[in-house]
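Working notes, beginning with the structure itself.
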Amino acid sequence: MSGLLLITGGILVIAVFVLIYRILALVNIARGTSASHVGYSNKVNGLLFILFFFVGFGLIAWYSGKASEFYLPTAASDHGLETDKLFWTTTAVTFVVFFLTHIVLFLTPYFFRYKANRKALWWPDNTKLEVAWTVVPAIVLAVLVLTGWLAWRDIMSPAPKDSVQVEIMGKQFNWHVRYPGKDGVLGKYNFRKVDATNSMGMDFADKHNDDDFQPNEIHIPKGKPVLLKIRARDVLHSVFMPHFRVKMDAVPGMPTQFWFVPNKTTAEMRAELNKPEFNYEMACTEVCGSGHFAMKFRIVVDEPAEYEKWFASQEAWASLNKEYVAQVRAEANKKNVAKK
Amino acid sequence: MATAQIDLEKVAHQHDDHHEEHHEPSFIRKYIFSEDHKMIAKQYLLTGIFWAVIGGLMSVTFRLQLGFPDADLTWLKPVLGEWITAQGKLDQNFYLALVTMHGTIMVFFVLTAGLSGTFSNFLIPLQIGARDMASGFLNMLSYWFFFLSSVIMFSSIFISTGPAGGGWVIYPPLSALPEAAPGSGLGMTMWLVSMALFIASSLLGGINYITTIINLRTNGLSFAKLPLTIWAFFLTAVLGLLSFPVLFSAALLLIFDRSFGTSFYLSEIYINGQPLHNTGGSPILFQHLFWFLGHPEVYIVMLPGLGITSEIIATNSRKPIFGYRAMIGSLLAIAFLAFIVWAHHMFMSGMNPFLGTIFMFLTLIIAVPSAVKVFNYLATMWRGNIIFTPAMLFSIGLVSFFITGGVTGIALGNSAIDIQLHDTYFVVAHFHLVMGSASFFGMMAGIYHWFPKMFGRMMDEKLGYVHFWLTFVGVYMVFFPMHYIGIAGFPRRYYQWSNFDAFNSFGDLNGFISIAAIITLSAQFIFMFNFFYSMYKGRLAPANPWNSNTLEWTTPRFPGHGNWPGQIPSVYRWPYDYSKPGAKEDFIPQTVPYSETPESNLPHEVEIAKTVELEIKERALHPPHDEHHY
């Protein structure tokens with residue numbers, strides 16, 4: 001139905017345009033070549049820029065107010081508060097530049113429009129002015145970049161030793177997540193060990209894998225550093241957690257990482273946003289194929305005590321898949337024997 | 001001595017007579033396999049327009065999906081066939097293919113070949129006073145490589161697995177593994193073959209532009225008197241020459257990985273139920289190679305537009321361009337820095353964060369020359385005597401987009417802020433304004449301004465105004481709202497967002513953007529009508545319709561092969577003597593010697609009239625050797 005509407009609308013629009021063409025073209029032919037090369041349209045175009053300026057900035061002001069609850073989701077990590085501050089500072093500075101330059105660009109041309117009896121100002125250069133508008137932007141940019149660098153340096157610094165480790169693996173088209181279990185060490189993996197059951201390729205020659213568990217949602221404790229160990233199994237993916245201001249590509253053959261400190265539990269966020277259904281989410285931001293847009297994974301931020309409880313309640317993957325692990329180990333033994 | 005001179009003149013005359021006797025080349029040599037730069041420019045332009053329509057229609061198609069995810073698109077079935085699913089939805093793989101092809105087409109085929117190919121070819125010989133390009137044959141070859149490349153890319157749209165679908169950046173492993181997506185199969189192979197030919201085309205063109213500008217400038221035209229258009233085309237060609245081969249090598253290694261089992265970009269991959277043999281490769285390597293072209297490419301697209309606008313804004317403000325030397329300096333700075341900022345596209349790729357630091361610093365430096373350019377444009381218009389021709393309107397539009405899109409680059413270039421914004425619609429808004437729309441407006445400005453020289457006829461101004469305002473408002477309606485959507489974190493290349501709570505807002509705004517996109521595209525048909533109608537039925541153009549100073553306006557209305565019927569004029573001054581105090585008119589063409597304008601000469605020019613100018617005049621009496629070709 002809406003398709004039909006669109007077609008009709010499209011045809012109507014085209015018809016209107018065709019009519020405009022023909023009328024304008026005919027009028028022009030009837031009028032012939034005009035004597036003066038600058039006509040009344042010059043004034044109209046100058047005025048239209050002024051109109052565009054006011055309507056444009058009016059709309060920006062109105063919409064920025066109206067939609068403020070939708071853009072930039074509330075930050076829920078320590079570094080996120082920092083980068084948000086940087087973002088808004090940069091936006092404020094650049095908006096001022098944007099606004100001022102457009103005053104000159106859109107408001108003044110009307111007053112400098114062509115008049116036959118006037119001559120333009122001969123003004124080929126002005127060294128002082130040029131030095132000024134080279135140096136001032138350079139200084140402003142230097143300040144912005146330095147503050148950005150300080151933040152970047154902290155965010156990308158090595159993760160604290162006591163971080164909660166979470167391994168995230170991207171594949172077409174979902175995420176797999178693994179925790180190190182009670183021994184605190186993630187077991188080794190190998191892409192050659194992957195099969196229909198063992199999707200993360202855990203290598204059971206490594207005993208550290210025995211207590212690793214693979215939950216179907218990420219739980220992390222509030223106020224503690226969390227280290228994401230990120231990898232991909234087939235093509236590029238990218239871990240994106242909008243509320244935590246976390247993004248890092250998942251690269252096959254090259255593990256990456258990102259650490260952060262979540263500072264609002266899911267419950268607190270629900271209360272703050274007044275949305276009882278709210279959940280933190282992880283998405284993919286590196287195009288990876290047809291299901292790219294659907295790689296959703298839920299994240300829950302708990303109070304540390306709740307988190308400990310949840311952690312303790314998780315059953316190891318190996319004990320959920322005892323037969324598989326036994327079979328893999330038996331085969332490995334057989335091979336070892338054969339080698340000897 | 002005197003007799004020798006007379007003899008020389010005689011010889012020159014004989015050559016001229018000979019020129020008159022040249023008979024018209026055959027249809028094929030004149031319109032198809034032409035070696036005339038003006039015809040080649042028109043071939044590029046028409047091909048570019050064709051591609052722009054295809055690329056534009058593609059964008060509107062995927063905007064339908066994004067703006068109206070629940071709409072029934074069965075009515076598109078006659079055109080798209082199997083790509084519309086039984087439920088009347090756009091196929092998800094085809095959506096990605098559309099996005100990919102839209103990017104590829106617009107960046108390479110429209111804004112590189114269509115823009116640079118058209119105006120470098122058309123304007124370089126005309127504005128530097130040359131009979132043609134240094135090598136007409138290579139120039140012809142350049143277009144036909146592009147044509148072949150176009151044919152292959154166009155054919156890939158019609159194959160059953162669809163065209164390439166991994167985004168225009170074709171990051172492996174997705175693009176390397178046919179089993180990863182249908183678009184990585186034959187479509188990707190054709191993409192790579194097409195791009196290889198495209199690169200060959202662009203190199204042939206670039207070498208020619210550089211050689212021509214260095215060697216064939218007319219008598220008196222030093223680099224310090226070149227119009228800024230030529231400076232821009234020159235540096236664009238240099239950028240292309242240094243960076244396109246790197247893309248070629250990236251593509252070559254990708255072809256090896258795809259077809260010959262090498263592991264340049266592939267490592268530790270398990271796909272389709274089995275592990276692949278590849279180890280030790282790095283997908284990041286591809287990204288480095290790709291962006292080593294990819295970033296200069298942004299300026300390859302942008303610089304010609306900036307050059308064209310410099311010319312048009314000065315002419316229509318009836319004022320010299322402000323800070324001519326600073327404009328050249330900033331072009332040089334941008335061209336240089338363009339090569340050392342590429343990894344700002346890769347802050348979140350997993351590369352060493354220390355590299356991110358370096359590239360953040362370098363990236364923000366490039367904002368300085370860009371800012372200088374903007375201020376110089378504003379100063380050029382300040383207290384001018386502005387004529388709003390359609391070309392001037394589009395130039396003002398370019399400056400506006402360059403500012404709007406440029407300032408968001410300061411946020412994106414800051415790696416700490418980029419963590420959140422990378423690969424969201426904020427990036428889409430940023431580059432569509434600063435490079436896409438700005439360059440597109442540069443191209444439009446160029447077409448409106450030089451149409452009279454291309455076809456000897458005028459385009460309709462009123463239609464030009466309507467076209468400008470609809471497009472200008474339309475572009476802002478499409479891309480400005482994307483900033484909000486991007487700040488909210490909406491990722492790029494998403495078929496639909498409603499799966500996520502976090503991205504389940506802005507449904508109305510996305511619908512609005514899609515409608516604006518349809519209107520903007522429709523407005524381009526006004527242009528197309530004006531363009532083709534005026535080509536045949538437009539008012540005949542006066543010799544110098546915009547009262548401009550540059551050399552191309554000294555050629556006849558329909559310049560033949562060789563551009564000037566007699567001797568090529570000599571150049572005595574820079575191209576921006578507009579509204580010079582004391583002068584009778586508000587413009588003094590480059591061909592007017594200072595000795596003829598004593599009323600307006602500045603103190604140092606009085607000196608030039610007595611020295612340098614005499615040398616130029618002396619040389620004009622001894623036409624260079626290669627004149628005999630014509």
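A note on names: the letters A, B, ... follow the listed sequences, proteins ahead of strands, and every chain is numbered from 1.
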Option passing side chain to side chain contact (heavy atoms under 4.5 Å, CB included) with A:L141 (candidates B:T363, B:I410, B:N414): B:I410
B:I284 pairs by side chain to side chain contact (heavy atoms under 4.5 Å, CB included) with which of A:D249, A:L236, A:V251? A:V251
Under a 4.5 Å heavy-atom cut-off, does chain B meet the side chain of [X], its backbone, both or neither?
{"X": "A:I60", "result": "both"}
{"X": "A:V145", "result": "both"}
{"X": "A:T101", "result": "both"}
{"X": "A:F240", "result": "side chain"}
{"X": "A:T94", "result": "both"}
{"X": "A:F258", "result": "side chain"}
{"X": "A:S290", "result": "both"}
{"X": "A:E277", "result": "backbone"}
{"X": "A:V246", "result": "backbone"}
{"X": "A:S64", "result": "both"}
{"X": "A:H292", "result": "both"}

Heavy-atom pair with the smallest gap, counting every atom of [X] and [Y]:
{"X": "A:M248", "Y": "B:M348", "value": "SD-O, 3.7 Å"}
{"X": "A:V235", "Y": "B:A180", "value": "CG1-CB, 3.9 Å"}
{"X": "B:K580", "Y": "A:K119", "value": "O-NZ, 3.0 Å"}
{"X": "B:N385", "Y": "A:A120", "value": "N-CB, 3.7 Å"}
{"X": "A:A283", "Y": "B:Y494", "value": "CB-OH, 3.5 Å"}
{"X": "A:W152", "Y": "B:G356", "value": "NE1-C, 4.1 Å"}

Donor-acceptor under 3.5 Å ([X] side chain, [Y] main chain):
{"X": "A:E130", "Y": "B:G323", "answer": "no"}
{"X": "A:K247", "Y": "B:Q420", "answer": "yes"}
{"X": "B:Q92", "Y": "A:G291", "answer": "no"}

Side chain proximity check, [X] to [Y], heavy atoms < 4.5 angstrom:
{"X": "B:L421", "Y": "A:F87", "result": "yes"}
{"X": "A:L105", "Y": "B:I396", "result": "yes"}
{"X": "B:R325", "Y": "A:D125", "result": "no"}
{"X": "B:L509", "Y": "A:Y63", "result": "yes"}
{"X": "B:S400", "Y": "A:H102", "result": "yes"}
{"X": "B:F480", "Y": "A:L59", "result": "no"}
{"X": "B:T279", "Y": "A:R192", "result": "yes"}
{"X": "B:L177", "Y": "A:D234", "result": "no"}

Ring-ring centroid check [X] [Y], cutoff 6.0 Å:
{"X": "B:F506", "Y": "A:F70", "result": "yes"}
{"X": "A:W123", "Y": "B:Y578", "result": "no"}
{"X": "A:Y71", "Y": "B:Y484", "result": "yes"}
{"X": "A:F293", "Y": "B:Y95", "result": "no"}
{"X": "A:F112", "Y": "B:W382", "result": "yes"}

For the candidates A:V140, A:T147, A:V104, A:D154, which exhibits the highest count of non-hydrogen atom pairs separated by less than 4.5 Å from chain B? A:V104
If you measure only the distance, is there a donor-acceptor pair under 3.5 Å linking the side chains of B:H422 and A:T285? no
Report yes or no: do A:N45 and B:W469 form a side-chain donor-acceptor pair below 3.5 Å? yes
For the residue pair A:F106 and B:F472, does the interplanar ring angle fall in the parallel (under 30°), tilted (30 to 60°) or perpendicular (over 60°) class? perpendicular
Heavy-atom pairs under 4.5 Å with chain A - which of [options] has more of them than the others?
{"options": "B:L96, B:D91, B:I485, B:L76", "value": "B:L96"}
{"options": "B:I269, B:V169, B:I321", "value": "B:I269"}
{"options": "B:P491, B:P283, B:S330, B:P353", "value": "B:P353"}

Could you grab the distance from atom CH2 of A:W149 to atom CG of B:L364, nearest 0.5 Å is fine? 14.0 Å
Quick check for you: to the nearest 0.5 Å, what is the distance between A:R118 atom CZ and B:S579 atom OG? 9.0 Å
Against chain A, label [X] side chain, backbone, both or neither, depending on which of its atoms sit under 4.5 Å from a heavy atom there.
{"X": "B:R493", "result": "both"}
{"X": "B:A176", "result": "neither"}
{"X": "B:N376", "result": "both"}

Given the rule in the side-chain contact (heavy atoms from CB on, under 4.5 Å) test, do A:N42 and B:F388 qualify, once you have shown the distances and angles that lead to the verdict? CA-CA 6 Å; A:N42 217 43; B:F388 295 104; 3.4 Å; yes
How far apart are the C-alpha atoms of A:V287 and B:Y171, what are their side-chain angles, what is the distance that settles it, and do they pass the side-chain contact (heavy atoms from CB on, under 4.5 Å) test? CA-CA 9 Å; A:V287 62; B:Y171 283 176; over 6 Å; no
